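Down below is the structure, laid out as structure tokens.
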Amino acid sequence: MTTLVRPPETAAPKEPRRRGVTERQRPLWLLTPGGLLLVLIVLIPLAVALWISLIDLDQYSLRRWVEAPFIGLDNFVESFSSGLLNSIWISVSFAVLSTIATVPIGIAAALVTQNKYKGRALVRAVFLIPYVLPSFVVATVWRTMLQPDGVVNAWLSRVGIEGGLWLTGPRSYWALILVEIWAAWPFIYLMALAALQSVDNEVHEASAVDGAPWWPKLRRVILPYLRGPVLLACLLATLNHINNFTLPFVLFGAPAPEDVNVMPMLVYVTSFQSLRFGLSAAMAVLSLVLIAIPLFVYLRAVRLDVHDEGGRR
Amino acid sequence: MMANKLTALAGTAVLALALAACGGGDEGGGEGGDGKTLNVLIAANTQYPDEFAAWQKDISTKFKAQTGAEVKFETFASANDELTKIQTSVVSGSGPDVYAVGTTFTPTAYSTGAFVKLGDEEWKKVGGKEKFTPATLGISGPDEQNQVGIPWVSRPFVMAYNTEMLQAAGIDKPATTWDELAQQAKQMTKGDQYGLAIAYKDNFDPWKFVWGMSVQAGNPLVDGKTARLQDPTVQKAYDTYFGWLTRDKVVDPAAVGWTNPQAVAAFAKGKTGYFMLTTPTAINSLEQGAVKGKWKFAVLPTVPPGATSRPTNGVEAASILSGDNLLIADYSKNKDLAFEYVKLVTDQDTQLDYYKKFGNLPANAAALQTLASDQQLAPVTEAAKKSVATPFTGAWGDIQLALTNVAVQSLPDLGKGSISTQQIDARIADAQKSAQTALDRAK
């Protein structure tokens, strides 16, 4: 009853709410399909992986996996004595080195194809070849080339260098990095090229009017535009390197030489050759956590926001 | 509120998925002969894909005529693919009805407990146990009462030798002891010719040598629940195997990077005396090479290295028991059809036809007997009879991996041309550790 006689009061707060309508009543339900997919594809498997990492699941208990004994953190403890830390170190160092090496190559390639010239389209297409080739093909071709009596050693011996073994021993690590660089630099190139295209014409004109020589112009004017996208590319590339399984698997086979026993290989062998699903799940979970920590710190530190960077004038 | 709704939605989705998973997969359901489909998982044949397709069609037609049911073949590219398929099928309780499984993988498959155990009645359904070559039954199960694998084809390992090179070196017959082999290899090594072709980088070959030499010296590697890798016999085996390259120098140094097909290719060029560890499936490759018409098979040496005769507890193991077994899934709703299929593909005619097309020896005793007169094949059939099963334990996969790993981690030293006993011992110690861990877990 009372409410009926006090309509003006309810109308009054409507004014400030009006601005809020768009914010508060955003149609969040539209996110449902995406959210559902996220739950199905990411969260549930993650939860299952977590569960498996806590049970003693192997070939003997696989059939009745629901009844596999719960062993708490035993799998995690065993992970550390099964060479996981060494594998993480190999993976991370390999990934970081590969990224560091691909950045200058990618940016240089993007700069080379920025200005118009005859045949630019062809050059751009050629640059993408390593990127579009399936990892399996890349690894197979390189494996053939890096044989002890393969073409790489044949070329090296022509210039008087003793080639040796590329696919076993300490050098396999560098072989892996070399092939990864060969296959992955076009990703940095693509991202850098996209960023270069977002540089406005006025910027180029202004630099020209000021008579800026090419190097200071590149360093002080153009490269700052690339910072955001290239940092993002570095992040994605590093994660891709860490997760690359096909390349080491096809290049070296399983069991892999100790120097290239990267994380995915270790998890694979534990899971699918030793059939220790619980242990390998624990390894996968640990690696995820160990990588997520620095990643989180890094993301906070650089505050990646491509739009902000690209939009800055 | 929103969170609750989302949780409810997610829950429904999970339930829906779980139900779908439980209900799926049974293509052959229902009663009666016609209209059923038998699913068979089998290795893809990349060497003869067309012939393989034709064989599948032929079998399907015959099976349809006999039973009224269809056979649907599903192929896998590698042992790992197969393992993944077995895992998912075991977990979900649905999938192929019949699996063709490699012999050394049979213990692992057995350990999942997902396959039909064969009693007298089951054996009778496939034509009786006696229809198979006795040696092929060696890896069907841990003992007579617990067999799951029905022998299908056998691929015993032998060595191939270059008749001209042996003759030129004044050798009248291939070696029967490992020491004799090294001696002959030295006689043939000169200039660009080498005595042996060995696939040091292969992911399977190394353990077969080591296992063979150890068993011949009386060490089966697994003794109940104890791994016996840290043993003088194993050490001698690795020492001999690596020594061909580092000490005797009878192997092309490039062999450090070879897998088995590369070793075949090297032998096919006609510049190598022996190609160790091959099977009749390599015949075509050899006949297409420079070595065409100038090579023969021989049984691998069966006297352990460092000896002139086998010790009393040594076993005359000419080869690992190698080939494929057929396993019938426990969850199959078409078990009778599955037995019918197994009977069909293990019958004499089908087995001989399969041999002619693909070079896999019959597991069927009568079919193998008909090949006895084939001169080229005589050493292979002999090796088939002298094949010895690798230990039947679910841990074998790990032990095999550990043995191979010793070779893999030694490759850099082999590349440098020398490897010390201490290095070998340290790696064997690692292998012993992981083998024992695997055996401790075995149930």
Side-chain angles (χ1 to χ4, degrees), chain A residues 28-29 31-33 35-40 43-44 47-48 56-66 78 81-83 143-144 146-150 153 163-172 249 252-261 268-277 279, chain B residues 2 5-7 9-14 17 79-80 83-84 86-87 90-91 93 107-114 200-203 252-259 262 266 330-331 394-395 397-398 400-402 404-416 434 437-438 441-443:
Chain A
L28 279 177
W29 59 270
L31 292 176
T32 319
L36 265 180
L37 279 179
L38 194 72
V39 169
L40 282 179
L43 294 183
I44 292 179
V48 172
D56 188 14
L57 186 65
D58 59 11
Q59 54 184 317
Y60 309 102
S61 51
L62 183 64
R63 197 177 177 205
R64 299 179 201 285
W65 65 280
V66 184
E78 196 180 342
S81 59
S82 307
R143 189 185 60 194
T144 314
L146 290 171
Q147 289 291 320
D149 51 353
N153 279 355
L165 300 177
W166 292 100
L167 299 176
T168 55
R171 255 200 233 163
S172 55
F249 181 68
F252 309 110
E258 271 156 14
D259 308 84
V260 285
N261 202 6
Y268 171 81
V269 168
T270 311
S271 207
F272 297 108
Q273 296 207 327
S274 296
L275 310 166
R276 299 283 309 274
F277 308 108
L279 179 62
Chain B
M2 188 61 80
K5 269 187 191 164
L6 275 178
T7 319
L9 263 174
T12 319
V14 175
L17 265 188
N80 293 318
L83 184 57
T84 312
I86 292 181
Q87 283 161 11
V90 164
V91 170
T108 307
Y110 175 85
S111 68
T112 63
Y200 281 106
K201 202 177 184 317
D202 195 83
N203 284 333
D252 185 344
V256 171
W258 288 351
T259 54
Q262 287 169 289
D330 201 24
Y331 55 71
D398 263 343
Q400 196 178 301
L401 195 67
T404 307
N405 201 36
V406 173
V408 169
Q409 306 308 342
S410 299
L411 290 178
D413 303 314
L414 296 189
K416 285 181 204 139
S434 50
T437 311
R441 298 181 56 82
K443 281 159 197 153

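In this text the structure is predicted, and so the values were computed from the model without any measurement.
By number of non-hydrogen pairs under 4.5 angstrom with chain B, the leading residue of Leu167(A), Asp259(A), Val66(A), Asp56(A) is Asp56(A). When each of Ala254(A), Pro170(A), Gly253(A) is checked for heavy-atom pairs under 4.5 Å with chain B, Ala254(A) comes out on top. Note on Ser111(B), Ala109(B), Ser410(B): by heavy-atom pairs under 4.5 Å with chain A, the leading option is Ser111(B). The residue among Thr84(B), Asp413(B), Thr108(B) with the most heavy atom pairs within less than 4.5 Å of chain A is Thr108(B). Between chain A and the residues Gly397(B), Gly113(B), Gly415(B), the most heavy-atom pairs under 4.5 angstrom are made by Gly113(B). Interface check for chain B: of the options Ser82(A), Gly169(A), Gly164(A), the most heavy-atom pairs under 4.5 Å are formed by Gly169(A). The residue among Thr437(B), Thr259(B), Asp330(B), Leu414(B) with the most heavy atom pairs within less than 4.5 Å of chain A is Asp330(B).
Listed by chain and residue number, nothing satisfies the salt bridge (Lys or Arg N to Asp or Glu O under 4.0 Å) test with Asp202(B) (two or more places apart in sequence, or in another chain). Applying the salt bridge (Lys or Arg N to Asp or Glu O under 4.0 Å) criterion to Asp58(A), with sequence neighbours excluded, gives Arg441(B).
When heavy atoms are compared at a cutoff of 4.5 Å, Leu62(A) approaches chain B by way of both its backbone and its side chain. For a residue to count as touching a neighbouring chain, one of its non-hydrogen atoms must lie under 4.5 Å from one of that chain's; by this rule Lys416(B) does not touch chain A. Residue contact with chain B, scored on non-hydrogen atoms closer than 4.5 Å, involves the side chain of Arg276(A) exclusively. If you measure heavy-atom distances from Pro148(A) to chain B, the contacts under 4.5 Å come from the side chain alone. The contact between Gln273(A) and chain B is made by backbone and side chain atoms together, counting heavy-atom distances below 4.5 Å. For chain A, the nearby part of Leu83(B) is the side chain; its heavy atoms alone come within less than 4.5 Å. In this structure, no portion of Gln400(B) lies under 4.5 Å from any heavy atom of chain A. Ala442(B) touches chain A through backbone and side chain together, each having a heavy atom under 4.5 Å away. Looking at Leu146(A), neither its backbone nor its side chain comes within 4.5 Å of chain B, counting heavy atoms on both sides.
For the residue pair Asp398(B) and Ser274(A), the shortest heavy atom distance occurs at OD1-OG, 2.5 Å. Nearest heavy-atom pair across Phe277(A) and Gln87(B) is CZ-NE2, 3.2 Å.
Between the Gln59(A) side chain and the Gly394(B) main chain, a donor and an acceptor come within less than 3.5 Å of each other. Panel note: side chain Gln409(B), backbone Ala256(A); a donor-acceptor pair is recorded below 3.5 Å.
Remark: Asp252(B) CG to Asp149(A) CG distance equals 6.5 Å, nearest 0.5 Å.
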